[in-house]
Amino acid sequence: MHTVHIKYAQWVAVSAELFLSTTDSTPMYQQIVDQITAKVIAGDWKPGQALPSIRELASASRVSVITVKRAYADLMLAGIIVTRHGMGSFVAESSDLPTDLLRAEFTQHFDALLACAARLGITRNEIRHMLDDEQAAPTPDTSGGSTP
Amino acid sequence: MTAALALSGVTKRYDSFALQDITLDMPQGQIMGLVGVNGAGKTTLLRILSGLARADSGTVEVLGHAMPAQQVAVKKELGFASEDMRLYKSQTLRWHMDFIRAIYPGWDEAYAADLLRRFDLRPEQTLAGFSHGQRVKALLLLNFARRPKLLLLDEPTTGLDPVARDEVLQALADILRDDARSVLFSSHNTRDIEQLADTISFVHQGRLLASKDKESFLDDWRRIICQGTWPAEAHGWPEIAMTRQNGSLLELRVRQFSDGLVGRLQAQGLEIRSAEAMSLEDIFVTTVRAGGAA
């Protein structure tokens, strides 16, 4: 039996277009940071993959070059991307990156929850009870469809 | 790298208006937005850069060439689109395209065809039958398809319907792919500028009020809402561009926001409710009203 191997180019061109809004109150560079982070978490952009050049992303997303530069600088500081001199930017090579980013998001929500609870005067013990109650209650089934 | 343009101490006097002491640099590969009210001097500035008007004093350099002395060399690589430019009413758009193509070797016919389709223009129609918006788009097409190194665009989106405006912005976004090309465009619509420009320059009453990269503009300015009364000691703080008091609520427009400022406001007994970024339009209007530098 013959198996035909089709080799797909490793260098799949990534779409440089992000969906940015001029009316969103989130600053444009932050929208870029958020969307690239979301793409890395979702696995659209894999570790080690080349990012669109700054000009390419700016042009495709219709936003100024300086704004993309700033977003890339922020992503670099956050360790999400690395820039190699003369070669452009790449998604950081850590295989745990999507999980790490998701964990960071969880920690952020968790801290916000504790802060909110403190303002409401909800004790740790009460939170523990809430978690127990939540566990005891039937959880909505998210695995399958919702056909009645 | 040569600068796309460099102005130093440029002055131009008319009977009722004067452009005063303009010093402005723009590196190659940038998009700069020129913001100003009607009669601020935007068009005069663009006309001086294009060689259509001569400065009374000061020096003007465009693409590394002294203006107006070397304007022949400059004009090959310069595109200028302004509403007051005349096209021949009795001729078709195709005739105009062939005319420009005969003069400028850089004319890109494939790109011109693409722009015709995107701008929804009919090349066989005479200009007399064009609407205002179609004339603006035709003029932009005639300039864009030459692929000039520097594009000077005077109000390129004014008077266009939303779809046409979107196509023009798309064409501008295409240009920024090329790091050798620069664009200087003026607009009433600060949202167009805010989206695409790397640098923003405010012009008012013939003077340059500010010229900064867009991200620092947006970073520096804040609108702060606090509870409390604006204290007498705080009058004259240079960071504060404008204050408004309504009962116990106080609105501050700040031109140089910092954590230090927040601390000083709190030390004055003010309780800060919110500190939001401002739109370019708000920043411009506040700058003009405050009558000073941004």
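Lettering of chains follows the sequences in order, A, B, ..., and the numbering in each one begins at 1.
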Which value, rounded to the nearest 0.5 Å, describes the distance between [X] atom [atom1] and [Y] atom [atom2]?
X: Ile54(A); Y: Asp179(B); atom1: CD1; atom2: CG; result: 11.5 Å
X: Arg55(A); Y: Asp178(B); atom1: CZ; atom2: CG; result: 7.5 Å
X: Gln195(B); Y: Met28(A); atom1: CD; atom2: CE; result: 5.5 Å

Using non-hydrogen atoms only, which part of [X] is less than 4.5 Å away from chain A: side chain, backbone, both, or neither?
X: Ala197(B); result: backbone
X: Glu276(B); result: neither
X: Arg177(B); result: both

Can Ser64(A) and Lys214(B) be said to form a side chain to side chain contact (heavy atoms under 4.5 Å, CB included), step by step? CA-CA 9 Å; Ser64(A) 56; Lys214(B) 180 185 61 186; 2.5 Å; yes
- Task: For Asp198(B) and Ile66(A), work out which heavy atoms get closest and say how close.
- Result: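 Where Asp198(B) meets Ile66(A) most closely, the heavy atoms are OD1-N, 2.9 Å.
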Which heavy atom of Leu176(B) sits nearest a heavy atom of Ala58(A), and at what distance?
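Distance-wise, the nearest heavy atoms are CD1-CB, 3.5 Å.
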field: Pairing of Asp192(B) and Arg62(A) as salt bridge, 4.0 angstrom limit
entry: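 Salt bridge between Asp192(B) and Arg62(A), a charged N being under 4.0 Å from a carboxylate O: no.
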(Q) Looking at chain A, which one of Asp166(B), Ile175(B), Ile31(B) has the largest number of heavy-atom pairs inside 4.5 Å, strictly under? (A)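 Among the listed options, the one with the most contacts to chain A is Asp166(B).
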- What residues of residues 101-127 of chain A sit under 4.5 Å from chain B when you count only heavy atoms?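 Listed by number, there are no contacting residues, so the answer is none.
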Kindly check if the number of other-residue, nucleotide or ligand heavy atoms within 6.0 Å of CG (Asp133(A)) is above 12?
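Above 12, so yes.
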- What do the steps show when you test Arg70(A) against Asp219(B) for salt bridge (Lys or Arg N to Asp or Glu O under 4.0 Å), and what is the final call? CA-CA 12 Å; Arg70(A) 177 171 180 181; Asp219(B) 260 358; 3.0 Å; yes
Can you tell if the side chain of Leu218(B) reaches within under 4.5 Å of the side chain of Pro27(A), non-hydrogen atoms only?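 Counting from C-beta outward, Leu218(B) and Pro27(A) never come under 4.5 Å.
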Interface residues of residues 138-159 of chain B facing chain A - heavy atom cut-off under 4.5 Å: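 Residues qualifying by a heavy atom under 4.5 Å from chain A are absent, so none.
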